[in-house]
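Nothing fancy with the numbering, it's 1 onward along the sequence. What you see below is based on every heavy atom in this structure, not just the backbone, and it leaves out hydrogens, waters and symmetry mates.
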Amino acid sequence: MGDTNRQVVAGGNGKGNRLDQLNGPTYMLIDKETDSLIICDWGNRRVVRWSRRSGTTQGEILIDNIACSRLAMDYQRYLYISDVDKYEVSRYQIGDKHGTIVAGGNGKGASLNQLNYPTYIFVDQQQTVYVSEEGNHRVMKWNKGAKEGIVVAGDQSEENALTQLSQPQGLFVDTLGTIYVADYGNSRVMRWPKGAKQGTVIVGGNGQLNLPVGLSFDRHGNLYVADSNNNRVQRFSIE
């Protein structure tokens with residue numbers, strides 16, 4: 001914080017598929033145990049890991065031949081990846097190139113055992129997987145080992161009622177099971193209490209946001225929103 005000198009920590013050698021390059025990265029997370037970055041290298045259809053140690057000049061491929069949209073990691077360091085080509089979310093043990101499907105995997109569709117363009121993922125301490133479905137305008141909850149999911153936000157129609165979402169993106173679920181979701185197409189962030197049939201707008205819906213994508217909370221409860229079409233990140237204090 002306060003440092004104005006940027007440092008390239010992955011890629012930076014032009015667009016390409018060499019181990020020292022990236023191509024359209026869409027998401028990343030920090031693996032504290034190995035002090036490394038794990039990155040969705042979208043354009044190269046792979047997930048790569050880059051050490052954060054000084055002197056690192058290239059990454060290593062963890063998983064290849066995957067249309068990786070977003071990533072998550074649980075408390076046991078399992079990696080979760082949303083695959084928009086296969087309409088599924090899979091769980092991987094780090095170092096294993098073959099994952100286990102934990103959501104979707106039954107082709108593109110709107111049935112409870114299907115997904116349609118899954119993007120953001122959130123995994124809780126019970127390894128419950130929450131998935132934003134851009135194509136079905138809903139958020140799904142898949143309990144560990146479940147063969148089908150539960151709709152926990154949205155009703156599959158792309159409108160702006162409090163029961164609806166439009167191309168949902170960024171996700172966060174608190175310890176009470178309350179869902180916070182970036183309602184991209186409606187330019188708002190919504191909160192859905194556990195079991196609720198409709199949500200409440202906590203930010204946006206009034207010109208405050210324009211196509212929000214990612215969201216995150218800090219330890220003080222402040223909400224940060226990637227306000228994509230306004231080309232800025234905003235911080236909000238949430239009651």
Taking all atoms of both residues into account, what is the closest heavy-atom pair of [X] and [Y], and its distance?
{"X": "E133", "Y": "L115", "answer": "OE1-CA, 3.1 Å"}
{"X": "Q169", "Y": "E134", "answer": "NE2-OE1, 2.9 Å"}
{"X": "W142", "Y": "N113", "answer": "CH2-CA, 3.7 Å"}
{"X": "V181", "Y": "S132", "answer": "CG2-OG, 4.2 Å"}
{"X": "D83", "Y": "P118", "answer": "O-CG, 3.9 Å"}
{"X": "K141", "Y": "N143", "answer": "CE-OD1, 3.4 Å"}

Main-chain N/O of Q76 paired to D74 side chain as donor or acceptor, under 3.5 Å: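 The answer is yes, because a donor-acceptor pair under 3.5 Å joins these two groups.
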Backbone N or O of H220 within a donor-acceptor pair of the D218 side chain at under 3.5 Å?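 Side chain of D218 to backbone of H220, a donor-acceptor pair under 3.5 Å: yes, one is there.
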When rounded to the nearest 0.5 angstrom, what is the spacing between CZ in R46 and CD1 in I39?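 Going from the CZ atom of R46 to the CD1 atom of I39 covers 10.0 Å.
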Hey, could you give me the CD1/CG distance between I150 and L112, rounded to the nearest 0.5 Å?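 Going from the CD1 atom of I150 to the CG atom of L112 covers 8.5 Å.
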Other cluster members, L176 - Ile/Leu/Val/Met/Phe/Trp/Tyr, side-chain contacts below 4.5 Å: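 Under the 4.5 Å side-chain rule, L176 groups with nothing.
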Pairs under 3.5 angstrom only: tabulate donor-acceptor contacts from the side chains of residues 95-102 to other protein residues two or more places apart or in another chain.
from: D96; atom 1: OD1; to: H98; atom 2: N; distance (Å): 2.9
from: K97; atom 1: NZ; to: I61; atom 2: O; distance (Å): 3.4
from: K97; atom 1: NZ; to: L62; atom 2: O; distance (Å): 3.1

More than 12 non-hydrogen atoms from neighbouring residues, nucleotides or ligands closer than 6.0 Å to OH on Y224, yes or no?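 Result for OH/Y224: enclosed.
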Residues that Q114 engages under side chain to side chain contact (heavy atoms under 4.5 Å, CB included), provided they are two or more places apart: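 Side chain to side chain contact (heavy atoms under 4.5 Å, CB included) check on Q114 returns N106, S111.
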Partner residues of N231 under the side chain to side chain contact (heavy atoms under 4.5 Å, CB included) criterion, sequence neighbours left out: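 Here no residue qualifies.
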Enumerate, atom names and distances included, each donor-acceptor pair closer than 3.5 Å involving a side-chain atom of residues 196-216, sequence neighbours excluded.
from: N206; atom 1: OD1; to: Q208; atom 2: N; distance (Å): 3.1
from: Q208; atom 1: OE1; to: G204; atom 2: N; distance (Å): 3.1

Mind checking ring pair (Phe, Tyr, Trp, His ring centres under 6.0 Å) for [X] and listing every partner two or more places apart, or none if nothing turns up?
{"X": "Y92", "answer": "none"}
{"X": "Y184", "answer": "none"}
{"X": "Y180", "answer": "F217"}

List in chain and number order the residues that pass side-chain hydrogen bond (donor to acceptor under 3.5 Å, both in side chains) with T163, two or more places apart in sequence or in another chain; answer none if no residue qualifies.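 Partners of T163 by the side-chain hydrogen bond (donor to acceptor under 3.5 Å, both in side chains) criterion come out as none, since no residue qualifies.
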T128: what forms a side-chain hydrogen bond (donor to acceptor under 3.5 Å, both in side chains) with it, not counting sequence neighbours?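 Scan of T128 (side-chain hydrogen bond (donor to acceptor under 3.5 Å, both in side chains), adjacent residues dropped) gives D124.
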Answer yes if the side chains of Q164 and E158 hold a donor-acceptor pair under 3.5 Å, and no otherwise.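 No.
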Considering only residues two or more places apart or on different chains, which pairs with a residue in residues 62-103 satisfy disulfide (SG to SG under 2.5 Å)?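 Applying disulfide (SG to SG under 2.5 Å) to every pair that reaches into residues 62-103, excluding sequence neighbours, yields C40-C68.
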Who are the salt bridge (charged side-chain N to carboxylate O under 4.0 Å, His left out) partners of R91, not counting sequence neighbours?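 Here no residue qualifies.
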May I ask you to test the S51-T34 pair for a side-chain heavy-atom distance under 4.5 Å?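 No; the side chains remain at least 4.5 Å from each other.
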Transitively linked via ILVMFWY side-chain contacts under 4.5 Å: I238 with F122?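 As far as the 4.5 Å side-chain criterion goes, F122 and I238 are connected within one cluster.
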